[in-house]
Amino acid sequence: MGKLVLLDTLSKHVGPVWNVAWHPKGDALATCGEDKTVRIWAKQGNKWINKVVLSDAHKRTIRSVAWSPCGNYLASASFDATVAIWDRKTGEFECNTTLEGHENEVKSVAWSRSGHLLATCSRDKSVWVWEVADEDEYECAAVLNAHTQDVKKVVWHPEIDLLASASYDNTIKLFREDLSDNDWICLETLESHDSTVWSLAFDKTGRRLASCSDDTTVKIWKEYPPNNPEGIPTTDNESTWKCVCTLSGYHTRTVYDISWCHLSGLIATACGDDIIRIFKEEETSDSNAPTFNCVSSTERSHTQDVNSVAWNPVTPGFLASCSDDGSVKLWNYTD
Amino acid sequence: MELENINPHVYKKISDRPILPEEEDNDVEDEFDSREIFDLIRTINDPEHPLTLEELHVVENSLIDVDNQNNTIKVLYTPTIPHCSMATLIGLSIRVKLLRCLPSRFKVHVEINPGTHASEHAVNKQLADKERVAAALENTHLIKVINQCIVNKVS
């Protein structure tokens, strides 16, 4: 069994904290929540301190934050139906662009690997893809109405412009631009969860996707490209995705978030039972039926629901979490 | 607005809970019980009728489950008619009242009494989705309606 050790507790937010996001360099953390602020934390000496507070851009809860891959932009998505884009060209963070279009609460925002695309999703059931044109110019490239309910989360593939979305309709959908006519199309619908799918995380290669749900399970999906050696049938020369593993019996309540570390391969989950759990794949695991073991389960990681977890992109084992209890916590995992 | 259930059955209120001597003794640990939860929600007003949820048997003491060890509370409620369009609003009112009154350690489930509403599953799913509940509570119109249900009317 591994050990998850608490390094620091950051208490500045008032009310539930919904999301945590590491700067691509790993030296700053953005958090957001019900208090309508985005807070940026960085290390000073031995302590993580709240360096910046971004307020005044949103009128309601800020549900999600995301750094651009270059690290110069920060996007915040709010229940007020807008997404704010912050930059620090002047040296200080300023909101120079607000993306409007969703009819109601925006639940998630994500930048593609290249930084040229931004995806957002909402309770209005749609997923929007925005093209980052010139400086501070964002054009709507697609409005994807594939889901039949509230869309909870959008995540991009780590290498290519493939988008995955998770929904209250219990499904996950994969989208890509059809280069022949520049239309965005839904490639596949992944069905297996019995309730709302809350979050998603690709592994380092992007050939596997982990999902977590209100049905208290975590599922691992694997890509089978055309002519795969396993002989899994594909259509139209497109990959097919199959659920190759279901982790059940660990979580006792809704699993709100999942993070797949691209350095260590460890999976961390944020659960409504106040527990952060860490899963590790067995080294001899069969890729078509992998085995993941729960190597750490920390009772009362927070005093209320854990809403988000994120592995630091630079330091292996370094994890951030946040909760309804108003705190943000930093952890170190060791085998 | 037209009433959905024109003539609901009205039940008698139960008598007040007798206060026992040990409850006034600060040295005795007094855990939450179902009656305490019932007392918090029995006075919620029905959105349609000038009656409380207790008088309409929408909430009942016997349909409340408290687990102090695991910090869970489950409340089942019974809409007066199976197609009641107020079912979600009533459930939300119960949830909000308990959110405001109980310590945050409790995980509160509010669900429809099985078999008593046509859209039972959909309503339960919505009430269990804390993100939707959080968003609903930021809706100024909706929170006004909920507050009107929750406010204690002088009887």
Side-chain angles (χ1 to χ4, degrees), chain A residues 15-19 33-36 58-64 77-81 104-108 122-124 149-153 167-170 194-199 213-216 252-254 256-257 271-274 299-300 302-305 307-308 323-327, chain B residues 31-32 37 65-76 87-89 91-92 95-112 114 117-147:
Chain A
V17 189
W18 277 105
N19 195 216
E34 194 182 86
D35 64 7
K36 308 178 188 73
H58 293 293
K59 295 185 192 74
R60 294 179 55 186
T61 289
I62 304 176
R63 176 61 181 91
S64 160
S78 165
F79 285 178
D80 70 9
N104 47 43
E105 299 95 82
V106 187
K107 302 292 180 73
S108 172
S122 159
R123 184 167 65 84
D124 68 13
Q149 295 283 348
D150 196 349
V151 189
K152 297 291 195 187
K153 184 85 179 182
S167 166
Y168 189 87
D169 70 11
N170 306 354
D194 294 325
S195 190
T196 303
V197 188
W198 276 91
S199 191
S213 163
D214 179 54
D215 68 11
T216 73
T252 62
R253 298 178 64 85
T254 306
Y256 289 112
D257 197 17
C271 185
D273 61 14
D274 311 347
E299 293 285 329
R300 294 179 69 75
H302 283 272
T303 59
Q304 292 183 57
D305 294 7
N307 289 330
S308 176
S323 159
D324 279 350
D325 69 13
S327 71
Chain B
E31 294 206 312
F32 282 88
I37 305 304
D65 212 36
V66 179
D67 181 342
N68 280 288
Q69 240 73 57
N70 294 307
N71 296 321
T72 58
I73 290 172
K74 191 168 176 177
V75 175
L76 296 178
T88 312
L89 177 62
L92 212 46
R95 218 182 135 156
V96 172
K97 178 81 194 245
L98 294 179
L99 274 177
R100 288 185 186 162
C101 297
L102 294 172
S104 59
R105 67 182 164 99
F106 281 109
K107 311 276 184 190
V108 178
H109 292 260
V110 176
E111 289 175 17
I112 287 180
H117 195 273
S119 317
E120 179 185 324
H121 178 72
V123 173
N124 286 345
K125 188 170 182 179
Q126 227 173 326
L127 290 173
D129 185 322
K130 68 167 184 179
E131 188 183 46
R132 284 197 174 199
V133 171
L137 300 188
E138 287 185 353
N139 177 322
T140 44
H141 170 70
L142 191 57
I143 199 67
K144 230 159 115 183
V145 176
I146 291 170
N147 283 338

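So you know, we letter chains A, B, ... as the sequences are listed, proteins then strands, and number each from 1.
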> Looking at A:Phe79 and B:Glu138, what are the two nearest heavy atoms and their distance?
Replying inline: CD1-OE1, 3.6 Å

>> So if I take each residue of residues 121-130 of chain B and look for any heavy atom under 4.5 Å from a heavy atom in chain A, which residues do I end up with?
In response: B:Ala122, B:Lys125, B:Gln126, B:Asp129, B:Lys130

> So which heavy atom on B:Asn139 is nearest to which on A:Arg60, and how close?
Replying inline: N-NH2, 4.4 Å

> With the threshold set at 4.0 Å, does a side-chain nitrogen-carboxylate oxygen contact exist between A:Asp305 and B:Lys107?
Replying inline: yes

>> Taking side chain as everything from C-beta outward and backbone as N, CA, C, O, which of these in A:Asn104 sits under 4.5 Å from a heavy atom of chain B? Side chain, backbone, both or neither.
In response: neither

> Measuring heavy-atom distances to chain B, does A:Asp80 have an atom under 4.5 Å in its side chain, in its backbone, in both, or in neither?
Replying inline: neither

>> Need one label for A:Tyr256: side chain, backbone, both or neither, based on atoms under 4.5 Å from any heavy atom in chain B.
In response: side chain

> Tell me, side chain or backbone of A:Arg123 under 4.5 Å from chain B's heavy atoms, or both, or neither?
Replying inline: side chain

>> Let me confirm one number: the CG-CG distance from A:Asp273 to B:Asn70, rounded to the nearest 0.5 Å.
In response: 11.0 Å

> Any idea which of A:Asp214, A:Asp325, A:Asp274 has the most non-hydrogen atom pairs under 4.5 angstrom with chain B?
Replying inline: A:Asp274

> Does A:Gln304 use its side chain to pair, donor to acceptor, with the backbone of B:Arg105 at less than 3.5 Å?
Replying inline: no

>> If I measure from the heavy atoms of chain B, does A:Glu105 come under 4.5 Å with its side chain, its backbone, both, or neither?
In response: side chain

